[in-house]
There are 2 protein chains.
Amino acid sequence: MTVTLADVAARAQVSPATVSRVLNGNYPVAASTRERVLKAVDELDYVLNGPASALAAATSDLVGILVNDIADPFFGIMASAIQSEIGGPGGRAGGERLAVVCNTGGSPDRELTYLTLLQRQRAAAVVLTGGAVEEAPHAAAVSAKLRKLADAGTRVVLCGRPPAPDTGAIALAFDNRGGARQLTGHLIGLGHRRLGYIAGPAERTTTRHRLEGHREALAAAGVEDDPRRTVYGHYDRRSGYEATLELLRRDPDLTAVVAANDSVALGACAALRESGLRIPQDVSVAGFDDLPFSIDAVPSLTTVRLPLAEAGARAGRIAMGREEPPPGGIATVRGELMVRGSSGVPRSS
Amino acid sequence: MTVTLADVAARAQVSPATVSRVLNGNYPVAASTRERVLKAVDELDYVLNGPASALAAATSDLVGILVNDIADPFFGIMASAIQSEIGGPGGRAGGERLAVVCNTGGSPDRELTYLTLLQRQRAAAVVLTGGAVEEAPHAAAVSAKLRKLADAGTRVVLCGRPPAPDTGAIALAFDNRGGARQLTGHLIGLGHRRLGYIAGPAERTTTRHRLEGHREALAAAGVEDDPRRTVYGHYDRRSGYEATLELLRRDPDLTAVVAANDSVALGACAALRESGLRIPQDVSVAGFDDLPFSIDAVPSLTTVRLPLAEAGARAGRIAMGREEPPPGGIATVRGELMVRGSSGVPRSS
DNA sequence: AACAGTACAGCAAGCGCTTTCTATACAGAG
DNA sequence: CTCTGTATAGAAAGCGCTTGCTGTACTGTT
C-alpha cells in the first residue's frame with residue numbers, strides 16, 4: 001500500500017542505505033546514483049516516514065511554540081515571527097521544521113501538559129511566549145520540565161517571559177516594568193494626578209511588572225498611589241470595559257486610565273465614550289504592546305510598543321541555533337513609548 | 001540515558017507489552033498490575049517516545065492547520081477554535097493531539113510543501129483555512145495532495161474555503177458572495193450609487209466571491225459598475241489606505257467604500273480621515289469578517305460577521321471524527337450583516 | 001472431578017528508517 | 001606491477017514501541 005524506502009531502493013537498484021543518504025544529503029553519493037534514486041522517488045511519489053526517521057535518528061523536526069491565546073495578535077505576531085525563522089518552507093534554513101503551536105489559555109496545567117507532549121515528540125526546540133504564572137508549585141514544575149527538556153537536547157527559549165534560572169533556557173524578557181514606568185511618567189508629565197490602572201490577572205509576571213512600573217512612576221513623582229485606583233481583570237477588551245466603569249464609579253474625577261494592554265485600553269475607550277467622556281479632553285487613555293489596531297483607534301492609542309516580531313524572530317533563530325544566545329542566556333527587550341492622540345493634558349480641575 | 005518502556009517494565013516486573021497496554025489503556029490489565037506500572041512510570045519519570053509509538057502503531061496524534069497568516073486574527077480565531085476541539089490538554093477528547101500550525105503566507109508553494117510535511121508526519125487530520133488560490137496548476141497539485149492524504153487515512157477538512165471536488169475533503173465554505181451581496185445591497189438601499197470597492201489579491205477565491213457578490217448587488221439595483229471603481233490590493237490595512245487614496249483620486253465624489261475585509265476597511269477609514277472626509281457623513285465604509293476590533297473603530301464598522309470560531313470548532317470536530325460531516329461533504333456557512341456607525345445615507349449630491 | 005470459558009500477561013515479530021562498519025573498485029604512488 | 005588511499009555502495013544492527021498470537025491460571029458448569 002504505502003511505498004517505503006525499500007521500494008524506492010528496489011526501483012533504483014540500490015540499497016535502502018543509499019536512498020536514505022540521497023534523501024538526507026549528508027554522505028557522498030555519486031551523481032549518477034543520486035539521480036537514479038531521485039527519479040525513483042519521483043516516480044513512486046515517495047514520502048519519507050517522519051516518525052520512522054525520527055525514531056532511527058533520534059531527532060525530530062518539530063518545534064513547539066507555547067502561547068496563551070493564538071487568537072490574540074500579541075501572540076499571533078510572535079508565533080508568526082518565530083515560525084518564519086525556524087525554517088519551514090520558504091524559511092531561510094535548509095531543514096524544514098514544523099511549528100507546533102500550543103494554546104495554553106494561560107492555564108499552568110495545560111502548559112505543563114503541552115510541555116510533556118512536546119517532550120514526548122522529542123521536539124527539537126520549544127519557545128514559550130508570554131508571561132509566566134507566579135504560583136510557586138507551578139513555577140517549580142515548569143522549571144523542572146524545562147530542565148528536563150534542555151537535558152534531552154531540546155533547545156528552550158523564553159520569549160517575552162522572565163528568565164527561569166537553572167533550567168538552561170535562554171530568556172528574551174520584555175522590559176515591562178521600564179515601559180510601564182515611562183508610560184505613566186508621560187501621563188504624569190502631562191499633569192495627571194488621578195490615574196486609574198487596569199491590571200491583568202494578578203498571578204502573571206507581566207501583570208506584576210507593568211503594575212510595578214506604573215507605581216514606580218507614581219512614587220518617583222510623589223503622586224499618592226490609592227489602591228482603589230487599581231482594578232484587576234483579564235487581558236481582554238471586556239475587562240477593560242468593565243474595569244473602567246468600576247474605576248469611574250470609585251472616582252468620577254479620574255483624568256487618565258492606564259490599561260494593562262491595548263485590548264483592555266480599547267475596552268476602556270468604549271466605556272468612557274458611553275459614559276459621555278471625551279478622550280483625551282476628559283480622560284486620557286494609555287495601552288501597552290502597540291498592536292496593529294492601536295493606531296486605528298480614534299483617537300489613536302498612546303501605548304508602549306513592544307518589538308514582538310523582532311523578539312519572536314530572534315527567539316526563533318536562537319531556538320534553531322542560528323544565532324548566538326545573549327551573554328548569560330538573558331536579554332532584555334525594551335519597549336518604546338508611543339505618544340499618540342489618546343493622551344493629553346488633563347482638564348483643568 | 002533516556003528511560004525506555006523496557007526500563008519501566010523491568011522496574012514494574014512486567015513485560016514491555018503490559019506497560020504499553022497500561023499506557024494506552026486499550027487492553028485489559030489487572031488493577032494491581034496497572035498500579036505497579038504507573039508507579040514505575042512515575043518513579044522513573046518516563047515519557048513515551050512519540051515517534052516510536054507513531055511508527056509502531058502507524059498513527060500519529062498530530063493535526064495540521066494551514067493558515068495564511070497566523071498573526072491575522074481572522075486566522076488566529078479559527079486556529080484557536082480548531083485547536084480547542086482537537087482535544088489537546090483541556091479539550092473534550094481523551095486522546096491528546098498536537099496542532100501543527102503552518103503559516104503559508106498565502107503562497108501556493110508553501111501550502112504544498114507543508115502538506116507534504118504533514119503527510120510525512122502521517123498527520124491524523126489536516127484543516128485548511130482561508131481562500132484557495134485559483135491558478136489551475138496549483139489547484140490541481142493541491143487537489144492531488146489532498147486526495148493522497150485522504151487515501152492515507154488523514155481526515156481533510158476545508159474551513160472557510162471552497163470545496164475541492166473528488167478529494168474526499170469535507171468543506172465548510174463561507175458564503176462570501178451572499179455576504180457581499182447583502183452588504184453592498186445595504187449601502188445601495190441607503191442611497192449610495194458611487195461605491196468604490198477594494199478587493200483582495202486577484203487570484204484568491206475569497207476575493208473573487210466577495211467581488212462577485214458586490215457586483216451582483218450593483219446589477220440587481222441597476223447601478224452601473226464602473227471598473228475604475230474597483231482596486232485590487234492585499235488583505236491588510238496598508239492596502240486599504242493606499243487603495244482608498246487611489247479611489248478618491250479616480251472619483252472624488254465617491255460616497256462609499258466597500259473593503260475586502262475589516263483590516264482593509266480600517267486603512268480606508270484612516271485615508272478618508274486624512275483626506276478630510278467624515279465617516280459616514282461624507283463617505284460610508286464597510287468591511288467584512290467582523291473581527292473583534294471592528295466594533296471599536298470610530299465609528300464602529302458596518303461589516304459582515306463571519307462565525308469564525310463556530311466554523312473552526314466545527315471543522316475541528318469533523319477533523320476528529322467527532323461530528324458527522326455535512327451531507328455531500330459540503331456545507332455553506334453564512335455571514336450576518338452588521339449594520340453599524342460607519343455606514344449612513346450619502347451626502348445629498 | 002473433568003472441562004470449557006475467561007482474564008491476564010508474555011513472546012516475538014515487526015513498523016520504516018539511520019548509521020556504523022565493512023567491502024569493492026579504481027587511481028595514483030613507488 | 002603491487003601497495004595504499006580515496007570514493008562510493010551495501011549489510012545489518014538497531015531505534016522504542018505495538019500487537020497478534022500464545023500461554024497460564026483461575027472461575028464456574030455439569
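The sequence lines fix the lettering, A, B, ..., with proteins before strands; numbering per chain opens at 1.
Pairing each heavy atom of B:Ala12 with each of B:Ala40, the nearest pair is CB-CB, 3.9 Å. Residues B:Ala173 and B:Pro162 approach most closely at CB-CA, 4.2 Å, considering heavy atoms.
Between the CG atom of A:Leu5 and the C1' atom of C:dG16 there is a distance of 7 Å, given to the nearest Å. The distance from atom CD of A:Glu35 to atom C1' of D:dT8 is 16 Å, rounded to the nearest whole Å. In this structure, A:Gln121 atom CD and D:dG16 atom C1' are separated by 14 Å, rounded to whole Å. Rounded to a whole Å, the CG atom of B:Asp7 is 9 Å from the P atom of D:dG16. Computed from coordinates, the A:Leu23 CG to C:dT19 P distance equals 13 Å when rounded to whole Å. Rounded to an integer number of Å, the gap from A:Asn24 CG to C:dT18 P is 5 Å. If you take CG of B:Asn26 and P of D:dT18, they are 9 Å apart, rounded to a whole angstrom. The separation between B:Leu55 atom CG and C:dC15 atom P is 9 Å, rounded to whole Å.
Screening B:Glu310, B:Glu85, B:Glu324 for a salt bridge (Lys or Arg N to Asp or Glu O under 4.0 Å) with B:Arg317, the sole residue that qualifies is B:Glu85.
Contact between the side-chain N/O atoms of B:Asn49 and the OP1/OP2 oxygens of D:dC15 is not found at any separation under 4.0 Å.
Taking OG1 of B:Thr129 as the start and CD1 of B:Ile70 as the end, the distance is 8.0 Å to the nearest 0.5 Å.
Heavy-atom neighbours of A:Asn26 CG from other residues, nucleotides or ligands within 6.0 Å: above the threshold of 12. Around CD of B:Glu35, the count of heavy atoms belonging to other residues, nucleotides or ligands within 6.0 Å does not exceed 12.
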Which atom pairs link the protein and nucleotides 8-14 of chain C when you take only N or O atoms and keep those under 3.5 Å?
from: C:dA9; atom 1: OP1; to: B:Thr33; atom 2: OG1; distance (Å): 2.2
from: C:dA9; atom 1: OP2; to: B:Ala30; atom 2: N; distance (Å): 3.0
from: C:dA9; atom 1: N6; to: B:Tyr27; atom 2: OH; distance (Å): 2.6
from: C:dG10; atom 1: OP2; to: B:Ser15; atom 2: N; distance (Å): 2.8
from: C:dG10; atom 1: OP2; to: B:Ser15; atom 2: OG; distance (Å): 3.2
from: C:dG10; atom 1: OP2; to: B:Thr18; atom 2: OG1; distance (Å): 2.8
from: C:dG10; atom 1: N7; to: B:Arg21; atom 2: NH1; distance (Å): 3.1
from: C:dG10; atom 1: O6; to: B:Arg21; atom 2: NH1; distance (Å): 3.3
from: C:dG10; atom 1: O6; to: B:Arg21; atom 2: NH2; distance (Å): 2.9

